[in-house]
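Single-structure report; data block below.
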There are 2 protein chains.
Amino acid sequence: MTSRGAGPIYQRIADDLRARIQSGELGAGAKLPTEQSLTTDYGVTRATVRQAMQVLVNEGLVVSERPRGHFVRQIERLTYRPQKEWRERPLHRELDQFMDEQVELGRKPSQTIAVELATPPADVAARLGLTETDTVVIRKRVRYLDGTPFNTNDSYFPLELVQGSEIMHPADIGRGANVVLAELGAEQTHAVDEIEVRMPTPDEASRLEIGLGVPVALHRVTGYTDDGRPVRVVRNVLPGDRHLIAFERTRPAKAEKDSEQ
Amino acid sequence: MTSRGAGPIYQRIADDLRARIQSGELGAGAKLPTEQSLTTDYGVTRATVRQAMQVLVNEGLVVSERPRGHFVRQIERLTYRPQKEWRERPLHRELDQFMDEQVELGRKPSQTIAVELATPPADVAARLGLTETDTVVIRKRVRYLDGTPFNTNDSYFPLELVQGSEIMHPADIGRGANVVLAELGAEQTHAVDEIEVRMPTPDEASRLEIGLGVPVALHRVTGYTDDGRPVRVVRNVLPGDRHLIAFERTRPAKAEKDSEQ
DNA sequence: TCGGCCTCATTGACTAGACAATGTAGACGT
DNA sequence: ACGTCTACATTGTCTAGTCAATGAGGCCGA
């Protein structure tokens with residue numbers, strides 16, 4: 001039972017359970033032994049068993065559904081394709097391209113939109129070439145799929161650029177914000193994507209209803225006009241257990257040499 | 001001191017400390033109060049204080065350096081550019097393109113390379129069009145920067161494709177593996193990138209010397225030949241606290257419409 | 001001066017409890 | 001048959017300790 005090996009007891013308990021999960025003995029959604037039964041199995045107190053559970057929870061392998069017990073987390077990732085912003089336009093109007101894809105799979109998408117004026121966070125200010133005392137327009141969206149939050153999508157625009165435009169209206173922009181930007185003389189033709197991986201802040205965790213042990217990707221897009229002026233920053237927060245980020249590349253013609261990467 | 005608000009005591013302690021970190025009062029690398037002093041500050045037992053610390057550690061905000069104390073984690077991310085595989089070739093031979101960039105910044109890169117024959121994990125098998133009983137050649141690399149592991153880079157090739165080639169030799173391939181593939185009649189001209197975000201497995205954590213509370217990005221690249229045959233899968237594991245993944249896009253000429261994303 | 005040893009502050013691991021919070025299922029009443 | 005209420009199993013929070021492990025800094029001897 002207690003597979004031997006060095007280290008603290010709680011680690012061995014966690015290792016045993018992890019092995020049973022990975023072997024498939026405990027499949028996705030399966031109920032783990034109760035803390036009580038593990039205390040007798042291993043002859044330790046409940047505090048020690050709880051420490052083992054904590055390890056698995058923090059690894060994202062297990063979720064606690066109080067007071068029903070601990071369960072093997074079931075992960076279902078949907079594919080998120082940043083590139084598609086500039087690809088096909090399936091025109092289910094209303095919803096944007098990301099949701100579009102999901103509709104075709106029979107999902108029920110929805111979203112909330114809020115617009116506010118505020119000072120930008122440091123990362124956004126730096127990318128828009130503003131200071132932290134300037135004012136930006138923030139369009140905050142939370143996208144849901146079948147009722148559960150799927151990701152958040154906050155767009156930051158310099159105030160003087162979008163003042164009075166449709167962008168400041170807290171409703172979906174059928175044409176897409178980029179079209180509005182173009183009409184304002186700030187067409188976005190170039191974008192820099194950055195992805196940071198970290199644990200969610202408490203704010204993010206509650207906005208996205210993220211459980212313990214689930215990291216997020218912060219996908220930050222800075223959009224530029226033809227002449228290199230930054231006109232928007234988008235911060236997408238993607239919970240790791242619900243997303244697979246995908247993009248494609250084709251080799252530019254006549255590349256001479258190539259790395260191993 | 002004990003900022004009021006509902007919820008368990010350990011959460012309030014964690015919230016207080018988090019606020020002090022975010023406000024800059026406790027900057028990167030700063031030492032947190034000892035558990036002992038917190039017990040007296042809040043009038044609770046050490047177990048409760050430890051629970052609060054655990055929260056911050058799992059959020060990746062704090063690291064424990066036993067027995068010196070708890071410290072605010074300092075994060076330094078280096079930029080990782082998947083696209084560069086097919087971009088400039090600065091030709092510092094020996095090292096690949098990723099390392100190349102770091103050399104220019106005065107860092108000391110190194111790597112270990114191991115080659116083995118084994119059956120592929122499920123995700124790799126699926127992408128190479130193999131079964132889990134087929135044999136693949138795995139080139140496992142760990143890349144270091146200034147002595148600390150930076151990321152892992154495991155390439156999987158179908159055995160019959162690279163049998164006897166330079167790829168099976170556990171040394172750096174100066175020309176780049178892609179060139180060797182081309183010589184074998186399997187030039188990689190198209191690639192699909194996938195990024196998964198999750199907590200590290202214990203294996204990954206030890207290989208990369210990752211602390212608690214640090215998630216990873218699994219960056220999986222499937223390379224295809226011109227006629228759509230998969231010839232390699234690369235699994236890059238990137239610790240979240242050391243990487244910023246970046247790529248750029250330029251709008252294809254004459255896109256009519258555009259989404260908000 | 002320099003290496004080795006010892007002390008000590010601090011975190012890690014664990015025991016042995018108590019009481020609170022909360023879904024679920026079964027008993028019960030209408 | 002159907003809603004309501006209650007008991008219960010299970011996890012969450014917390015107390016009050018003990019002993020172990022470990023890096024750092026100071027002490028001491030050669």
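Numbers restart at 1 for each chain; the letters A, B, ... are given by sequence-line order, proteins then strands. What you see is a predicted model; the values in this text were computed from it and never measured.
- Across the protein-nucleic acid pair, A/E65 atom CD and C/dA21 atom C1' stand 16 Å apart, rounded to whole Å.
- Taking atom CD of B/E35 as the reference point, atom P of C/dA9 lies 15 Å away to the nearest angstrom.
- Salt-bridge check for A/R139 with A/E116: failed, with every basic side-chain N at 4.0 Å or more from each acidic carboxylate O.
- Side-chain atoms of A/R235 never come within 3.5 Å of backbone atoms of A/D154 as a donor-acceptor pair (strictly under, hydrogens ignored).
- Atom OH of A/Y42 and atom P of C/dT15 are 14 Å apart (whole Å).
- Of the candidate nucleotides C/dC14, C/dA18, C/dT11, C/dA18 has the atom nearest to the side chain of A/R46.
- Here the C1' atom of nucleotide C/dC19 and the CZ atom of A/R66 are 12 Å apart, to the nearest Å.
- Between A/R68 and A/T48, the residue whose closest nucleotide on DNA chain C is further toward the 5' end is A/T48.
- Between B/H70 and C/dT11, a side-chain N or O to OP1/OP2 separation shorter than 4.0 Å is present.
- Side-chain atoms of A/R143 and A/Q111 include no donor-acceptor pair closer than 3.5 Å.
- Side-chain contact check for A/Y80 and A/N151: no donor-acceptor pair (N or O, by modelled atom type) lies under 3.5 Å.
- Remark: A/E76 does not engage A/R242 in a salt bridge, criterion side-chain N to carboxylate O under 4.0 Å.
- Remark: B/D146 does not engage B/K108 in a salt bridge, criterion side-chain N to carboxylate O under 4.0 Å.
- A close approach under 4.0 Å does occur between a side-chain nitrogen or oxygen of A/Y10 and OP1 or OP2 of C/dA13.
- Residue A/Q54 contributes atom CD, which lies 16 Å from atom C1' of C/dC14 at whole-angstrom precision.
- The existence of a salt bridge linking A/E59 and B/R198 is excluded, since no basic side-chain nitrogen approaches an acidic carboxylate oxygen closer than 4.0 Å.
- The interatomic distance linking A/Q36 (CD) with C/dG17 (C1') rounds to 13 Å, in whole Å.
- Between A/R50 atom CZ and C/dA13 atom C1' the separation is 16 Å, expressed in whole Å.
- Bracketed by its first and final contacts, the part of DNA chain D lying under 4.0 Å from non-hydrogen atoms of chain B reaches from D/dT13 to D/dA24 in 5' to 3' order.
- Nearer to the 5' terminus of DNA chain C, by closest-nucleotide assignment, is the contact made by B/P33 (compared with the other of B/P33 and A/T45).
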